[in-house]
Chemist: 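Sharing a structure, written as structure tokens. Questions coming.
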Protein chains: 2
Amino acid sequence: MAGASTKSRAAGSANAVTADLVAVLVAVTEGEPKIMTIANDGALPSGPFEFAHRSLQTGLRAWVEAQTGHPLGYVEQLYTFADRGRAGDAKSPHSISISYLGLTREDKVGQGFEAHWSGWYEYFPWEDRRAGLPASLAKTLASRLRAWAKSAETTGLQRQRWQRAAITFGLDDREWNEELVLQRYELLYEAGLIPEAVRDGAAATTVIPGRPMTGDHRRILATGIARLRAKIKYRPVVFELMPAEFTLLQLQRSVEALAGRLVHKQNFRRLIEQQQLVEETGAIAADTVGRPAKLFRFRHGVLAERAIAGTKLPLSRT
Amino acid sequence: MAGASTKSRAAGSANAVTADLVAVLVAVTEGEPKIMTIANDGALPSGPFEFAHRSLQTGLRAWVEAQTGHPLGYVEQLYTFADRGRAGDAKSPHSISISYLGLTREDKVGQGFEAHWSGWYEYFPWEDRRAGLPASLAKTLASRLRAWAKSAETTGLQRQRWQRAAITFGLDDREWNEELVLQRYELLYEAGLIPEAVRDGAAATTVIPGRPMTGDHRRILATGIARLRAKIKYRPVVFELMPAEFTLLQLQRSVEALAGRLVHKQNFRRLIEQQQLVEETGAIAADTVGRPAKLFRFRHGVLAERAIAGTKLPLSRT
DNA sequence: GTGGCTTATACTTATCCTGAGCATAATCGA
DNA sequence: TCGATTATGCTCAGGATAAGTATAAGCCAC
């Protein structure tokens with residue numbers, strides 16, 4: 001890729017950096033969202049982008065297979081982070097992390113790897129609102145956030161902080177917005193309420209429940225969850241996480257697991273069916289309590305038929 | 001950022017890469033979307049990520065100001081590309097491009113720079129459907145695409161190609177989807193119908209109108225346009241491109257310029273007003289034909305009041 | 001100043017989408 | 001057979017949307 005300015009070329013290897021490829025690999029099993037972790041569940045699969053890699057994605061696939069034994073299916077790029085907090089340190093070169101979201105199923109678990117499937121709500125307990133928040137966590141969160149807001153210098157800043165906390169966490173009778181995963185993580189980091197913040201130099205305080213990860217990995221995971229929660233609403237990506245055949249309730253449970261909240265059953269079915277995303281297989285689910293459900297499969301045809309995109313503009317049809 | 005696996009660290013500088021920062025800097029002037037270009041309008045502002053840069057964004061800001069004299073305001077990351085087509089060449093290290101979308105206004109044009117504002121439809125003539133497509137372009141496009149489809153080996157492949165072309169370009173009575181900017185560009189590239197493809201080794205054919213750029217820059221621009229077209233529908237980002245005060249028609253013209261298609265006037269107004277995105281300034285537009293319009297300003301308060309996000313799931317309120 | 005041109009803005013109508021609840025069906029086990 | 005459990009069909013009100021009609025308020029030529 002030719003750099004546009006002549007200056008770019010002149011820079012040469014003096015400005016070399018190292019690039020890490022990081023994967024948020026997601027599966028949903030029995031209504032619980034899982035992510036692939038390594039290093040005692042404290043890190044995401046990752047490795048450096050090397051000469052030999054033909055592209056970023058092939059490099060990522062190589063690392064994930066090597067570390068987890070799990071082949072990558074659906075993959076999309078998430079975000080590129082640079083290391084932060086090492087500003088003046090000109091000795092060690094910059095390191096950047098290029099992160100990806102991968103969707104798959106939790107079968108074919110590779111043997112002989114130190115990789116595991118971990119529930120993603122272990123890392124973000126406050127993101128699971130399906131059964132409402134545990135009263136204890138809700139209380140802790142609210143009081144810690146309020147303390148953080150109060151600790152600001154001026155009353156103006158105090159109000160700003162509290163407003164931000166209230167919006168992202170749905171306090172003061174505001175609606176909970178499940179997509180703000182990253183914003184909530186960033187706020188907790190700034191407020192020094194999670195271990196990573198303390199590790200990076202924040203004043204040591206009592207910390208909120210939720211398992212930490214190395215480096216930026218929990219931030220990357222938050223980015224992945226946010227992306228996925230947004231995307232299931234306008235692209236049929238849930239099906240990447242489903243088995244070939246499934247009941248509508250299983251599908252609903254998967255969506256709820258990802259979104260972290262419950263949906264209205266009948267309306268969910270209407271939505272799915274009117275969009276013609278699925279078709280009956282003819283078979284019936286066995287081994288269930290209650291009335292047996294029809295089995296469905298994803299209609300792969302829809303991907304070819306229409307390019308699904310949401311219009312929110314009053315486009316004129318002329 | 002600690003690499004997760006021990007392997008990552010061991011790699012060291014042998015796997016060093018160079019990272020370029022590339023900016024798609026957008027403004028809208030008199031109903032025409034513009035982008036900042038350098039190098040005789042054949043490239044986007046860009047430069048390498050260096051030691052001295054404290055973060056990716058500060059590096060980008062430094063380069064853009066140095067090359068264009070224009071300060072960056074609103075910025076968001078677009079995508080990270082690796083150079084492609086240089087697989088085996090282990091001599092020159094990998095080079096990756098981290099691209100950003102920036103939104104501003106076309107005032108304060110820096111003097112003494114080789115930078116210009118260029119209309120973005122010069123680079124993508126087929127993306128402007130506000131006045132319908134010029135009949136000539138429509139014809140050329142359709143026939144070239146059909147020829148490309150026909151040139152496939154098997155009839156199965158031929159049908160696949162045509163279906164893809166028809167979906168992305170809204171042929172065969174399908175709806176035009178203005179968000180598929182990147183998909184259309186990629187298809188034209190694969191079909192060898194644009195200069196960049198020929199440059200990169202495609203068989204030389206007659207090429208479609210539309211000005212090329214160096215390297216991947218037109219692909220990056222396509223990514224930026226697509227992102228912006230999608231985003232104006234669910235986030236109030238248009239206002240970054242508007243002057244402090246504006247009439248509703250000016251706002252509408254800006255949206256239409258970005259989307260490349262017309263919207264229904266009355267419904268557009270209702271949409272804007274019901275969302276309480278703007279408020280009257282009390283002043284009236286001067287210097288106009290027809291009945292003078294009220295001037296409005298963006299209500300910055302909305303950003304604080306609500307976290308605007310689209311729900312497309314039948315969430316239950318219990 | 002009047003008629004015609006242009007744009008702004010208010011109002012109407014039919015249709016569709018959405019959230020929510022009610023009712024019934026099918027299966028199992030006590 | 002009853003009760004528990006899940007599946008599935010149906011209704012209904014309210015709101016959002018697409019599209020069109022009508023009126024208001026300026027300017028300009030004459």
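Chain identifiers are assigned alphabetically (A, B, ...) following the order of the sequence lines, protein sequences preceding nucleic acid strands; residue numbering begins at 1 within each chain.
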Chemist: Let me test you: for the helix from C:dG1-D:dC30 to C:dA30-D:dT1, what is the angle between the axes at its two ends (five pairs each), rounded to 10 degrees?
Modeler: 10°
Chemist: Just by modelled atom types, is the A:Arg211 backbone N or O under 3.5 Å from a matching donor or acceptor in the A:Arg218 side chain?
Modeler: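 The answer is yes, because a donor-acceptor pair under 3.5 Å joins these two groups.
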Chemist: For the residue pair A:Phe296 and A:Leu248, establish whether any side-chain heavy-atom pair is separated by less than 4.5 Å.
Modeler: yes
Chemist: What is the distance, rounded to the nearest whole Å, between atom CZ of B:Phe246 and atom P of C:dA8?
Modeler: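 One finds 14 Å between P of C:dA8 and CZ of B:Phe246, rounded.
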Chemist: Under 6.0 Å from the ring centre and within 45 degrees of the ring axis: does the NZ or CZ of A:Arg184 meet both conditions for the six-membered ring of A:Trp126?
Modeler: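 Output no; distance or angle outside limits.
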Chemist: How close do B:Leu241 and B:Leu103 get, counting heavy atoms only, and between which atoms?
Modeler: CD2-CB, 3.9 Å
Chemist: Taking atom P of C:dT15 as reference, at what distance in whole Å does atom NE2 of B:His264 sit?
Modeler: 17 Å
Chemist: What about A:Arg270: does its side chain form a donor-acceptor pair under 3.5 Å with the base of D:dG9?
Modeler: no
Chemist: Specify the separation, in whole Å, of atom NZ of B:Lys294 and atom C1' of C:dT9.
Modeler: 8 Å
Chemist: May I ask you to say whether B:Asp128 pairs ionically with B:Arg130, meaning some side-chain N is under 4.0 Å from a carboxylate O?
Modeler: yes
Chemist: Using whole Å, what does the distance between atom C1' of nucleotide C:dT6 and atom CG of B:Leu249 come to?
Modeler: 11 Å
Chemist: Looking only at the side chain of B:Val289 (C-beta and beyond, no hydrogens), which of the listed nucleotides C:dA23, C:dT6, D:dT6 gets closest?
Modeler: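 For the B:Val289 side chain, the nearest candidate turns out to be C:dT6.
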Chemist: So, B:Asn177 side chain and B:Glu179 main chain: donor-acceptor pair closer than 3.5 Å or not?
Modeler: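 Yes.
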Chemist: From CG of A:Leu271 over to P of C:dA20, roughly how many Å is that when rounded to an integer?
Modeler: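 Taking CG of A:Leu271 and P of C:dA20, I get 14 Å after rounding.
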Chemist: Starting at atom CD of B:Gln252, determine the distance to atom P of C:dT7, rounded to an integer number of angstrom.
Modeler: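 To the nearest whole Å, that distance equals 12 Å.
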Chemist: May I have the distance from A:Arg253 (atom CZ) to D:dT5 (atom P), rounded to whole angstrom?
Modeler: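 For the pair A:Arg253 CZ and D:dT5 P, the rounded distance is 13 Å.
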Chemist: Think B:Arg291 has a side-chain N or O under 4.0 angstrom from the OP1 or OP2 of C:dT9?
Modeler: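 Checking B:Arg291 against C:dT9: no side-chain N or O falls below 4.0 Å of OP1 or OP2.
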Chemist: Quick one: is the NZ or CZ of A:Arg129 closer than 6.0 Å to the six-membered ring centre of A:Trp176, and within 45° of its axis?
Modeler: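 That pair qualifies as a cation-pi contact.
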Chemist: Of A:Arg269 and A:Gly290, whose nearest nucleotide on DNA chain D comes first from the 5' end?
Modeler: A:Gly290
Chemist: Specify the separation, in whole Å, of atom CD of B:Glu175 and atom P of D:dA18.
Modeler: 11 Å
Chemist: Could you pick out which residue, A:Gln274 or A:Ile284, lies toward the 5' side of DNA chain C when each is mapped onto its nearest nucleotide?
Modeler: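 Nearer the 5' end of the strand: A:Gln274.
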Chemist: Ignoring hydrogens and geometry beyond distance, is the side chain of A:Glu273 in donor-acceptor contact with the base of D:dT8 at under 3.5 Å?
Modeler: no
Chemist: Counting side-chain heavy atoms from C-beta on, which of C:dT9, C:dC22, D:dA25 comes nearest to B:Pro292?
Modeler: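 From the listed options, D:dA25 comes nearest.
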